[in-house]
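Please read all numbers here as calculations on a predicted model, not as lab measurements.
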Amino acid sequence: MQITSKADAGAHFDRIVAREVPGRRGLQAWDALLRAHATLLRQLETDLEIKTGLALADFDVLAQLAIAGGSLRMTELADHALISRSGMTRRVTRLVHEGLVRRAHADADGRGVVVRLTKSGLERLTVAAPVHMRGDQELAVLESALAKVTLDCTFG
């Protein structure tokens, strides 16, 4: 099927939606959820970066390490922070360069890599956490609403 205009593309999409989502039930809710997610993440990222110089994903890595008692295997850290393993490797490399974390060999087998929060990393987290938590407090209503529709699922 060749689509020749924007109107044709729109009509084609409308037919798909009508076939797959009878009465368009839930489509606006799905769109609102995706827009809210993107907007909130952008705002949290911007606030944190402007006020502390720390990226939201970096904050999450430091926070996950602190929550875990200061260290995690690289694979566990990637799972906790919801980042791919290759993405985590690049992020940890940057954080090591900044002195916020360090790498070490796992005690048990020496093959795995453990990421440890440094004193500087903990200090940076201590400064950034209040800024981030202020933003999180505004999300309480959203959390309550989403908790009602959250499904138990895992990724990947």
Side-chain angles (χ1 to χ4, degrees), residues 3 9 12-13 16-17 20-21 25-156:
I3 296 177
H12 180 72
F13 182 70
I16 292 169
V17 169
E20 298 298 326
V21 185
R25 192 181 76 230
L27 193 59
Q28 289 176 330
W30 183 246
D31 184 59
L33 173 65
L34 293 176
R35 289 180 186 285
H37 176 265
T39 301
L40 289 169
L41 283 181
R42 267 195 309 268
Q43 189 63 53
L44 289 171
E45 174 82 35
T46 300
D47 288 349
L48 193 62
E49 187 107 31
I50 287 171
K51 293 174 182 170
T52 71
L54 193 63
L56 183 57
D58 292 344
F59 173 87
D60 190 31
V61 168
L62 299 178
Q64 293 301 328
L65 289 170
I67 290 165
S71 67
L72 283 169
R73 283 181 172 266
M74 182 77 83
T75 54
E76 293 170 324
L77 182 55
D79 289 343
H80 286 269
L82 304 176
I83 298 174
S84 70
R85 288 187 173 111
S86 62
M88 183 56 74
T89 299
R90 289 188 299 275
R91 185 160 301 281
V92 166
T93 297
R94 239 182 356 78
L95 293 172
V96 166
H97 181 70
E98 292 178 32
L100 303 178
V101 301
R102 65 183 172 86
R103 285 190 179 99
H105 291 290
D107 295 334
D109 59 17
R111 293 180 298 163
V113 174
V114 172
V115 180
R116 288 193 163 79
L117 188 60
T118 64
K119 183 179 178 186
S120 294
L122 187 57
E123 289 169 357
R124 190 79 180 272
L125 183 61
T126 301
V127 169
V131 172
H132 183 61
M133 295 308 139
R134 279 192 295 273
D136 280 352
Q137 290 169 0
E138 297 169 2
L139 302 177
V141 172
L142 180 61
E143 178 183 6
S144 175
L146 291 176
K148 294 175 184 174
V149 296
T150 301
L151 300 175
D152 184 21
C153 61
T154 58
F155 298 94

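- Nearest heavy atom pair, residue M88 against residue A81, reads CE-CB, 3.7 Å.
- Between I83 and V61 the shortest heavy-atom distance is CD1-CG2, 4.2 Å.
- For the salt bridge (Lys or Arg N to Asp or Glu O under 4.0 Å) test, no residue two or more places apart in sequence or in another chain qualifies with R116.
- At a threshold of 4.5 Å between non-hydrogen side-chain atoms, the residues L65 and L72 count as touching.
- Salt bridge status for D58 with R124: absent, with no side-chain N to carboxylate O gap under 4.0 Å.
- Among all heavy-atom pairs drawn from G87 and S84, the shortest one is N-OG, 3.0 Å.
- The closest side-chain donor-acceptor pair between R103 and T93 falls under 3.5 angstrom.
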Full working for side-chain contact (heavy atoms from CB on, under 4.5 Å) between Q43 and L40: CA-CA 5 Å; Q43 189 63 53; L40 289 169; 5.6 Å; no
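- In this structure, L77 CG and H80 NE2 are separated by 8.0 Å, a value rounded to the nearest 0.5 Å.
- Taken to the nearest 0.5 Å, the NE2 atom of H132 stands 11.5 Å off from the CG atom of L62.
- Judged by distance alone, with hydrogens and angles left aside, the side-chain atoms of T118 form a donor-acceptor pair with the main-chain N or O of L100 at under 3.5 Å.
- With hydrogens and angles ignored, the 3.5 Å screen pairs a side-chain donor or acceptor of E45 with a backbone N or O of L56.
- Taking A66 as the reference, L117, L125 meet the side-chain contact (heavy atoms from CB on, under 4.5 Å) condition, with sequence neighbours excluded.
- Between A128 and L48, the closest heavy-atom pair is O-CD1, 3.8 Å.
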